[in-house]
Asker: 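Please read through the structure below; I'll follow up with questions.
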Number of protein chains: 2
Amino acid sequence: MPENCNACERSETASEALSERGARLTDLRRDVLQTLHHSPKPVGAYELFDQLKEAGKASAPPAVYRVLDFLVEQGLAHKLQSLSAYTACKSTPHAHEAFFRICRECGQVTETAVPASLKDVAAQDEFIAEHLVVEALGLCRECQESTL
Amino acid sequence: MPENCNACERSETASEALSERGARLTDLRRDVLQTLHHSPKPVGAYELFDQLKEAGKASAPPAVYRVLDFLVEQGLAHKLQSLSAYTACKSTPHAHEAFFRICRECGQVTETAVPASLKDVAAQDEFIAEHLVVEALGLCRECQESTL
DNA sequence: CTATCTAGGGTTATATTGTAACCTTTAGGA
DNA sequence: TCCTAAAGGTTACAATATAACCCTAGATAG
């Protein structure tokens, strides 16, 4: 891991934002967040656990899940339901919800805003949508080319 | 289970549609489909398995998962990723994709079409979206009232 | 009619993902 | 300094899902 990379800076920014809210970015949380930022594709909880364990930084699965839950609550990370995997939030300010397009070949994920029209439909019949899961699985342009 | 209910009729309709495509609605598949149709809310694979086992109709989890995979492939059922549970497709003709609004109180799910605008966003940058997962978790109108 | 093929399902074992419950540590405030 | 609450450690397990292999019945070709 490079020392002064973009991903690490993001973690620092996150740290400041958190302390304003009375939440703390501990060592373990920072490690997880940076790992997510450094990974080109979503990371499973156990994959994360294995890495942290090798580095002597995590003890058992519950620790990892607690950190992941925290990061998701704070909007610093997202869980991709289709993959049962996690990814750092790439938008600023950090959003709790986004539309994820996931390439099944390279695994890369692009994060965009959830269209207002979808939220409109969600709110029909007085439904209160507390959380949206919006994911598209498919092939990114690059992988279409390389699969020719 | 009532004998001539709407849910059972749907299974028969499904059966005809399938045979046109060269696929068969076997006893086990019909049982699973009807169970899904009769349930007011999504059903987990193991919940389904337990029921079928009690009725002497299923042997082990893989059988259930195979049937569920089949039904989902055929558009007769959907998997709700947020719940790891399954529900019968309520739209006609059967769709492979829909927007699901899931009430966290009563568990009921309403299935509506995925807005075209979302598909448009999905297709940006030449991304080929092969499958969409669109779910909203929240509170339906009825449960808002009863939770006052 | 017989041989073969295949779809569907049975069976066993195991992988993967996620949590409950309880204990220990530690940073920071009264 | 003592206390508290948040964070994390630890053990055990629950819930979800699949790999791999086998068997049978019905379709199909010869």
Side-chain angles (χ1 to χ4, degrees), chain A residues 14-15 18-33 35-36 41-74 76-87 107 133 135 137, chain B residues 14-15 18-33 35-36 41-74 76-87 107 133 135 137:
Chain A
S15 179
L18 285 186
S19 53
E20 284 170 22
R21 276 180 267 168
R24 293 157 49 206
L25 192 64
T26 60
D27 287 353
L28 186 57
R29 288 169 177 175
R30 188 189 312 267
D31 281 340
V32 171
L33 184 56
T35 303
L36 291 181
K41 49 186 192 178
V43 187
Y46 273 77
E47 206 179 329
L48 210 41
F49 168 59
D50 290 342
Q51 285 184 36
L52 291 168
K53 195 178 181 183
E54 264 192 54
K57 290 171 175 171
S59 52
V64 176
Y65 279 101
R66 277 187 300 236
V67 169
L68 289 170
D69 288 347
F70 170 83
L71 294 175
V72 170
E73 266 171 28
Q74 300 294 327
L76 300 176
H78 301 286
K79 175 171 185 180
L80 299 175
Q81 295 290 345
S82 319
L83 303 180
S84 293
Y86 300 80
T87 188
V133 174
E135 301 173 9
L137 293 143
Chain B
S15 176
L18 285 186
S19 55
E20 283 169 22
R21 276 179 267 167
R24 292 158 50 207
L25 191 64
T26 61
D27 287 352
L28 187 57
R29 288 169 176 175
R30 187 188 315 266
D31 281 338
V32 171
L33 185 55
T35 302
L36 291 180
K41 51 187 190 175
V43 188
Y46 273 76
E47 206 180 327
L48 210 42
F49 168 58
D50 291 341
Q51 285 184 35
L52 290 168
K53 195 178 182 184
E54 263 192 52
K57 289 170 174 171
S59 52
V64 175
Y65 279 100
R66 278 187 299 237
V67 168
L68 288 170
D69 288 347
F70 171 83
L71 294 176
V72 170
E73 267 172 28
Q74 300 294 325
L76 300 175
H78 300 286
K79 175 170 185 179
L80 299 175
Q81 295 290 345
S82 319
L83 304 181
S84 293
Y86 300 81
T87 187
V133 173
E135 301 173 10
L137 292 142

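Throughout, protein chains are lettered first and strands after them, A, B, ... in sequence-line order, and every chain is numbered starting at 1.
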Asker: Starting at atom CZ of B/F70, determine the distance to atom C1' of C/dG9, rounded to an integer number of angstrom.
Answerer: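 In whole Å, C/dG9 C1' and B/F70 CZ are 13 Å from each other.
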Asker: Look at the side chain of B/R29 and decide which nucleotide, out of C/dT11, C/dG9, D/dT16, has an atom nearest to it.
Answerer: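 The answer is C/dG9, which lies nearest to the side chain.
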Asker: May I have the distance from A/L48 (atom CG) to C/dT16 (atom C1'), rounded to whole angstrom?
Answerer: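 Checked: the CG to C1' distance equals 15 Å.
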Asker: Side chain of A/S84 only, heavy atoms from C-beta on: which candidate in C/dT17, C/dT11, C/dG10 is closest?
Answerer: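 Of C/dT17, C/dT11, C/dG10, C/dT17 is nearest to the side chain of A/S84.
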Asker: Can you find an N or O donor on one side and an acceptor on the other, under 3.5 Å apart, linking the side chain of B/R66 with the base of C/dG10?
Answerer: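 Looking at the base of C/dG10, it does pair with a donor or acceptor on the side chain of B/R66 (distance under 3.5 Å).
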Asker: Could you work out which one of D/dG8, C/dG8, D/dA17 sits closest to the side chain of A/T26?
Answerer: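 The closest nucleotide is D/dG8.
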Asker: Over all heavy atoms of both residues, which pair between B/P42 and B/L83 is shortest? Give the atoms and the distance, please.
Answerer: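 Closest approach of B/P42 to B/L83, heavy atoms only: CG-CD1, 3.8 Å.
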Asker: Rounding to a whole Å, what distance do you find between A/D27:CG and D/dA7:P?
Answerer: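 So the two atoms are 13 Å apart, to the nearest Å.
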Asker: Using only side-chain N and O atoms of B/K79, determine if any of them is under 4.0 Å from OP1 or OP2 of D/dT16.
Answerer: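 For D/dT16, neither OP1 nor OP2 has a side-chain N or O of B/K79 closer than 4.0 Å.
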Asker: Between B/Y46 and D/dT16, does any side-chain N or O lie under 4.0 Å from OP1 or OP2?
Answerer: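 Checking D/dT16 against B/Y46, no side-chain N or O comes under 4.0 Å of OP1 or OP2.
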Asker: Considering all heavy atoms of both residues, which atom of A/L28 and which atom of A/A63 are nearest to each other, and what is their separation?
Answerer: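 Heavy-atom minimum between the residues: CD2-CB, 4.4 Å.
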Asker: Search all heavy atoms of A/R29 against all heavy atoms of A/L71 and return the closest pair with its distance.
Answerer: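 In terms of heavy atoms, the two residues are closest at O-CD1, 4.3 Å.
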Asker: Identify which nucleotide among C/dG18, C/dA7, D/dT11 has an atom closest to any side-chain atom of A/Y86, counting heavy atoms from C-beta outward.
Answerer: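 Of the candidates, C/dG18 comes closest.
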Asker: Please report the distance, rounded to the nearest Å, between CG in B/L28 and P in C/dT11.
Answerer: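 Interatomic distance, CG of B/L28 to P of C/dT11: 13 Å.
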Asker: Identify the two heavy atoms, one from B/R24 and one from B/F70, that lie closest to each other, and give their separation to 0.1 Å.
Answerer: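 In terms of heavy atoms, the two residues are closest at O-CZ, 3.7 Å.
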Asker: Round to the nearest Å and state the distance from A/D69 atom CG to D/dA6 atom P.
Answerer: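 Rounded to the whole Å, the gap is 16 Å.
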Asker: Identify which nucleotide among D/dT11, C/dG10, D/dG8 has an atom closest to any side-chain atom of A/P62, counting heavy atoms from C-beta outward.
Answerer: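 Nucleotide nearest to A/P62's side chain: D/dT11.
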Asker: Roughly, in whole Å, what's the span from OH in B/Y65 to C1' in C/dT17?
Answerer: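 Distance, rounded to whole Å: 11 Å.
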Asker: Students often get this wrong, so: under 4.0 angstrom with heavy atoms, is A/A60 touching a base, only sugar-phosphate, or nothing?
Answerer: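 Base, at least one base atom sits under 4.0 Å.
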Asker: In whole angstrom, what separates A/R30's CZ from D/dG8's C1'?
Answerer: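 Taking atom C1' of D/dG8 as the reference, CZ of A/R30 is at 16 Å.
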Asker: So, for B/K57 and B/D31, which heavy atoms are closest and what is the spacing to 0.1 Å?
Answerer: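 Looks like CD-OD2, 3.1 Å.
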Asker: Between C/dT17 atom C1' and A/D50 atom CG, what is the distance in whole Å?
Answerer: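 My rounded result for the distance is 13 Å.
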